[in-house]
Protein chains: 2
Amino acid sequence: MTGQSAGAPTRRPTRQQLAVAAALGQTEDFVSAQQLHARLRGDGNPIGLATVYRCLAALAAVGRLDVLRTDDGEAVYRQCSTDHHHHLVCRICGRTVEVAGPTVESWAESVAREHGFRDVRHTIEIVGTCATC
Amino acid sequence: MTGQSAGAPTRRPTRQQLAVAAALGQTEDFVSAQQLHARLRGDGNPIGLATVYRCLAALAAVGRLDVLRTDDGEAVYRQCSTDHHHHLVCRICGRTVEVAGPTVESWAESVAREHGFRDVRHTIEIVGTCATC
DNA sequence: ACGGAAATGAGAATCATTGTCAACCCGCGG
DNA sequence: CCGCGGGTTGACAATGATTCTCATTTCCGT
């Protein structure tokens with residue numbers, strides 16, 4: 001080991017990794033590896049599915065991504081960001097409304113701290129039947 | 001439809017269903033369908049894996065079970081302690097704490113109503129690093 | 001430019017979960 | 001008590017996301 005200090009074992013930069021990082025930067029929503037893979041290809045970025053998984057795993061390992069599981073077990077990723085919002089989804093027509101909630105933000109924050117948790121991050125999804133359905 | 005009032009569509013009781021319910025009642029920990037299946041068989045309760053999944057799904061549908069996903073995507077179930085609550089999960093060790101929040105409950109309720117949504121249901125997951133990690 | 005190591009990609013392998021469908025069991029009517 | 005109809009079961013196939021394998025390609029220091 002020469003100069004390279006320990007810690008974040010940065011991967012060797014490649015076109016694919018940049019593409020994955022860029023794609024993640026273009027949205028605030030959670031995306032699954034499969035969606036990301038499809039999107040990249042659609043945008044003219046040839047990339048293998050396995051590579052997408054590897055890049056996501058690497059980014060998540062360094063703490064640059066939030067990872068969580070959807071109800072059907074698919075893993076979804078999102079770039080760690082400060083500003084975010086939540087979704088109100090109609091279970092019939094799928095209409096989605098973005099909602100911000102300073103109330104919950106602080107609630108989550110305090111509940112977590114109360115239990116000694118740090119680096120808190122949360123996900124909230126509200127599902128209901130919208131007015132027109 | 002004769003007299004049968006709507007609501008909880010209780011399934012016809014069978015040995016297998018009782019076994020699953022009993023097994024769930026014996027522990028407060030989260031168990032995966034696979035574990036439950038193995039345990040039941042070990043206890044001399046012949047039961048099919050598909051049936052275990054069906055029973056769990058049925059119980060969860062009626063709201064008698066809490067369901068969440070482990071980091072590797074396996075679904076784990078636990079008998080609902082009492083009422084509605086959410087989870088605070090440690091991203092390192094996976095420790096889980098149940099938290100109740102009248103605050104969020106009403107917040108979600110009002111935000112949804114504000115947008116004309118009915119039959120609201122929500123999911124909240126708070127992830128952080130717990131004190132001991 | 002060269003060599004070695006890390007990264008990639010195509011496809012196979014894995015594994016939890018769901019679907020299929022014939023055999024089975026439960027409760028009700030006769 | 002016996003038989004019937006339909007919900008339930010179980011063995012196995014099918015699905016789908018994720019991981020593994022390994023030959024090939026790309027990057028980086030020399």
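Sequence lines set the chain letters: A, B, ... in the order given, protein chains first and strands last, and positions in each chain run from 1.
When the options A:Q17, A:R15, A:Q16 are evaluated for a side chain to side chain contact (heavy atoms under 4.5 Å, CB included) with A:I47, the one that passes is A:Q16.
Taken residue by residue, residues 38-47 of chain B places no heavy atom nearer than 4.0 Å to DNA chain C.
Rounded to an integer number of Å, the gap from NE2 of B:H37 to P of C:dT17 is 13 Å. One interatomic measurement links the two molecules: CG of A:D72 to C1' of C:dA16, which rounds to 12 Å at whole-angstrom precision. Atom CG of B:L36 is separated from atom P of C:dA16 by 14 Å (rounded to the nearest Å). The separation between A:E74 atom CD and C:dA16 atom P is 18 Å, rounded to whole Å.
Looking at B:H122 and B:E109, their side chains never bring a donor and an acceptor atom within 3.5 Å of each other. In this model, a donor atom of one side chain and an acceptor atom of the other lie less than 3.5 Å apart for A:E74 and A:S32. In this structure, a donor-acceptor pair under 3.5 Å is absent between the side chains of A:Y77 and A:Q35.
A:F117 and B:G128 get closest at one heavy-atom pair: CD2-C, 3.8 Å. Across every non-hydrogen atom of A:R118 and B:C130, the tightest pair is NH2-O, 3.4 Å. Pairing each heavy atom of B:R11 with each of B:A58, the nearest pair is CD-CB, 3.5 Å. Nearest heavy-atom pair across B:A75 and B:V67 is CB-CG1, 4.5 Å.
Proximity note for B:Q17 (side chain, C-beta onward) versus D:dT18, C:dT17, D:dT9: the nearest is D:dT9.
Two residues are said to be in side-chain contact when any heavy atoms from C-beta on lie closer than 4.5 Å; B:V127 and A:D66 fail this criterion. No side-chain heavy atom of A:V111 sits less than 4.5 Å from a side-chain heavy atom of B:V97.
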| request: Sugar-phosphate means primed atoms, P, OP1 and OP2; the rest is base. With that split, encode nucleotides 25-30 of chain C 5' to 3' as B, S or - using protein heavy atoms under 4.0 Å. | output: BB----
Tabulate protein N/O versus nucleotide N/O from nucleotides 19-23 of chain D, keeping only pairs under 3.5 Å, one per line.
none

| message | Let's go through A:I126 and A:I124 carefully: what are the C-alpha distance in whole Å and the side-chain angles of both, what is the deciding distance for side-chain contact (heavy atoms from CB on, under 4.5 Å) to 0.1 Å, and is it a yes or a no? | response | CA-CA 7 Å; A:I126 310 180; A:I124 301 181; 4.3 Å; yes
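Using a 4.0 Å heavy-atom criterion, one finds that B:Q16 contacts the sugar-phosphate atoms exclusively.
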